[in-house]
Every structure is written in C-alpha cells, then in structure tokens.
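Nothing here was measured: the structure is a model prediction, and the numbers come from that model. Numbered from 1 within each chain, the chains take letters A, B, ... in sequence-line order.
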Number of protein chains: 2
Amino acid sequence: MSAPRKPRATTAARPPASAQEALGRTTRQRSALLAIIAREARPLSPYELHELAVRELPSISQSTVYRNLRALEAAREIHAVSIPGQQPRYELAEIASHHHHHFHCRGCDRVYDLEGCPGGLRGLLPRGFTLEEHTIVLSGKCRTCAA
Amino acid sequence: MSAPRKPRATTAARPPASAQEALGRTTRQRSALLAIIAREARPLSPYELHELAVRELPSISQSTVYRNLRALEAAREIHAVSIPGQQPRYELAEIASHHHHHFHCRGCDRVYDLEGCPGGLRGLLPRGFTLEEHTIVLSGKCRTCAA
DNA sequence: TTGCACTTGGGAATTCATTTGCATATAGTA
DNA sequence: TACTATATGCAAATGAATTCCCAAGTGCAA
C-alpha cells in the first residue's frame with residue numbers, strides 16, 4: 001500500500017519519476033494538476049481544479065480530476081481540507097503538514113491559508129472531554145473582494 | 001426552491017401575538033420536534049432528530065422532520081450549525097444567539113456546545129481581509145466515549 | 001361539532017458530487 | 001520503435017441527502 005517515500009526534490013512540476021512511483025504513470029494530466037495545486041498555494045475544490053486545468057489541457061475531464069485527487073491523496077502528496085458547508089478542498093501535503101487554519105471568502109468563494117493559531121482551545125473543553133484536533137475557519141472578504 | 005409561504009386565506013382576523021404565527025398549525029409532530037431540540041440542548045442532525053422523534057411518535061416520517069426543520073428555521077426558531085464533513089445540525093435559535101463554539105465527538109458522532117471563545121482571531125487575518133464570522137470546531141472524545 | 005385548508009406519511013423523484021464501465025490514447029520500457 | 005498495462009474522456013451509474021407528490025389525516029376557527 002504505502003510505499004516508502006524518497007526525499008523530495010523541489011517543486012513537482014517535473015519531478016524525478018522515482019518520487020511518484022506509488023502513483024503510477026506521470027501523465028500530462030497528473031503533472032498539470034499537481035503543478036496547479038502547487039502554484040495556486042491555496043486549497044482547491046475539485047471544481048476549481050478542473051476549471052484551472054482546462055485552461056492548459058482543454059479536454060481534461062472531471063473524472064480525471066477526481067481520479068487523480070484520490071490517487072494523490074492516497075500517495076500523501078496532497079491533503080483534504082474541509083470547510084463547513086463546502087466541498088472538500090485539496091492542498092499540498094507539505095503545506096498541510098504544518099499547523100495552520102483557513103479563511104473562506106464569501107465574495108469569491110476561495111479558501112486561503114492563514115498563518116498561526118490562537119491557542120488556548122483546551123480551556124474550552126468540558127471536563128472529561130479529550131481533544132484530538134481542532135479546526136478554525138474565518139470568513140469574510142478577501143483583499144480583492146473587500147476592495 | 002419552494003414557493004414562499006402564503007398568508008392564511010380563510011381566516012382574516014388572527015391574534016398576531018404569537019411569535020410562531022408564521023409557522024402555521026401546532027401539530028403533534030412539530031411540538032415533539034421542537035421539544036426534543038430544546039431538551040437535548042445540543043445541535044441535532046435531521047437523522048438524529050428523526051431517531052429521537054420516532055420514540056414518541058412512531059410513525060413520524062423523515063419528510064416531516066425536514067419540512068419542520070425548514071419551517072422552524074425560516075421562522076427563526078432554530079438555527080443551522082455546520083461542522084466540516086458533516087450533515088447540518090440544528091439548535092434553538094435562542095442558544096445559537098449567544099456566541100459559542102462546538103465539539104464533535106469522534107466516538108458517538110454527537111456535537112456539543114462549548115462555552116467561550118479564545119479570541120485574538122483577527123490577528124490571523126492577512127492585510128486587507130475583512131472578518132465577518134468565525135467557526136471553531138474541536139474534536140476528540142466526549143466524556144462518555146473517553147471513558 | 002363541522003368543514004376545510006394545512007399537514008402528514010411514505011414512497012418516488014430530484015439534486016449534486018463522485019464513481020464507474022468501456023473504448024481509445026499513451027507513458028514507460030523492452 | 002513497438003508493445004502492453006495504465007490512464008483518460010465521456011457518458012451512464014451510484015449514493016446520500018433532501019424535496020416533492022398526493023391521498024388521507026387533523027388542527028382550529030366558526
């Protein structure tokens with residue numbers, strides 16, 4: 001199942017074939033999808049991803065987007081982010097691996113990464129409850145939409 | 001999209017005293033649902049609500065649960081809570097009206113209300129972004145499931 | 001108590017995201 | 001370069017949540 005992972009090279013636009021071994025073939029579609037996810041640097045929904053991908057590969061299908069998201073997630077290349085009431089979004093596992101939170105813009109519906117964490121959350125817990133994880137989502141307008 | 005609720009046709013004079021006027025008839029089903037939501041004092045999903053309601057009204061249908069949730073929400077009697085990757089839950093508008101957050105138990109899948117808020121969230125915002133709302137969801141095990 | 005408009009129950013229908021089947025295209029290697 | 005297992009594109013199939021349809025039931029004003 002999970003193959004040992006070799007140290008990363010740089011960005012995944014045209015990575016050494018060996019790094020993606022568990023993923024199977026490096027197709028134009030997969031490379032483009034991964035490049036887009038890396039380039040945008042924000043969590044993307046399957047729909048957003050397909051929209052962006054179509055610009056470079058006009059015939060790429062939604063199925064291919066879904067199939068690759070699944071494969072990339074299984075291979076731990078990307079990570080799913082869920083926002084209340086929204087489709088899941090995906091970002092590079094590398095980004096997801098350091099603790100951060102998200103901002104959802106009500107204007108453009110994009111999700112952005114936020115640095116930092118307020119902490120002090122354990123104090124909210126009732127007695128006897130155990131904390132394993134937490135999610136914080138701020139919402140409002142991003143710079144562009146606020147202007 | 002359902003058509004907007006029409007005003008009562010037959011009866012012209014009707015005491016506008018009640019805050020529930022917009023809700024129409026007080027049926028056994030609606031009373032039971034509202035009573036359950038109030039009694040449980042935690043956000044309930046349509047499924048949970050139906051499960052609980054069936055105990056008192058064995059023949060109550062899912063449709064009725066959904067219809068009433070919609071009506072009660074439109075009438076501002078209850079309020080929807082969304083948790084990432086979960087069905088919406090509903091709690092009394094009265095409870096929802098004072099700022100609080102939620103805990104999702106991974107054992108029993110219940111959602112609980114939490115008191116308080118860590119604050120300091122505005123500091124996470126990038127320059128130019130405006131904050132309208134925020135959501136915090138802690139997850140782990142509730143007292144019962146942790147034991 | 002009566003009458004009827006509003007509700008309900010229950011199943012069918014819808015919605016929407018995601019998955020799958022299959023014929024064709026193609027990456028990677030022999 | 002030729003070959004073959006995989007991946008893709010498209011359309012149809014799923015699956016889960018929610019809504020709709022309509023015959024039958026019922027709250028409530030008179």
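Contacts classified as salt bridge (charged side-chain N to carboxylate O under 4.0 Å, His left out) and involving residues 111-131 of chain A (residues at least two apart or in different chains) are not found. Evaluation of the ring-ring contact (aromatic ring centres under 6.0 Å, His included) test over residues 34-77 of chain B, restricted to residues two or more places apart or in two chains, returns none. Within the structure, every pair that satisfies the salt bridge (charged side-chain N to carboxylate O under 4.0 Å, His left out) test and touches residues 83-93 of chain B, not counting sequence neighbours, is listed here: B/Glu48-B/Arg89, B/Arg89-B/Asp109. Pairs passing the salt bridge (charged side-chain N to carboxylate O under 4.0 Å, His left out) check and including a residue from residues 128-147 of chain B, sequence neighbours excluded, read A/Arg106-B/Glu132, A/Arg106-B/Glu133, A/Glu132-B/Lys141, A/Lys141-B/Glu132.
When the local axes at the two ends of the helix from C/dT1-D/dA30 to C/dA30-D/dT1 are compared, using 5 base pairs at each end, they differ in direction by 30° after rounding to 10°.
Within the 3.5 Å criterion, the main-chain N or O of B/Thr27 finds a donor-acceptor partner in the side chain of B/Ser31. Remark: the backbone N or O of A/Leu23 is paired with a side-chain donor or acceptor of A/Arg30 at under 3.5 angstrom.
A/His104 pairs by the ring pair (Phe, Tyr, Trp, His ring centres under 6.0 Å) definition with nothing, not counting sequence neighbours. In terms of the ring pair (Phe, Tyr, Trp, His ring centres under 6.0 Å) criterion, residue partners of A/His98 (sequence neighbours excluded) are, by chain and number, A/His100. Judged as a salt bridge (charged side-chain N to carboxylate O under 4.0 Å, His left out), and not counting sequence neighbours, the contacts of A/Glu56 are A/Arg39. Residues passing the salt bridge (charged side-chain N to carboxylate O under 4.0 Å, His left out) test with A/Glu51, sequence neighbours excluded: none.
Between B/Leu23 atom CG and D/dC28 atom C1' there is a gap of 16 Å when expressed in whole angstrom units. What separates CD of B/Gln87 from P of D/dT19 is a distance of 12 Å, to the nearest Å. Atoms CZ (A/Arg30) and P (C/dG28) sit 10 Å apart, rounded to a whole Å. B/Glu48 has its CD atom 12 Å from the P atom of D/dT18, to the nearest Å.
Dashed line: the shortest gap from a side-chain N or O of A/Thr27 to OP1 or OP2 of C/dT26 is not under 4.0 Å.
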Give me the distances for all protein-to-nucleotides 23-26 of chain D N/O pairs that come in under 3.5 Å?
unit_1: D/dT26; atom_1: O2; unit_2: B/Arg25; atom_2: NH1; d: 3.4

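Residue B/Pro88 is the one, among B/Gln29 and B/Pro88, whose nearest nucleotide of DNA chain D lies closer to the 5' end (criterion: closest heavy atom).
Within residues 51-73 of chain A, the residues that have a heavy atom under 4.0 Å from DNA chain C are, in order of number, A/Ser63, A/Tyr66, A/Arg67, A/Arg70.
When hydrophobic side chains of Ile, Leu, Val, Met, Phe, Trp and Tyr are connected at separations under 4.5 Å, A/Leu121 ends up clustered with A/Phe103, A/Tyr112, A/Leu114, A/Leu124, A/Leu125, A/Phe129, A/Leu131, A/Ile136, A/Leu138, B/Phe103, B/Tyr112, B/Leu114, B/Leu121, B/Leu124, B/Leu125, B/Phe129, B/Leu131, B/Ile136, B/Leu138.
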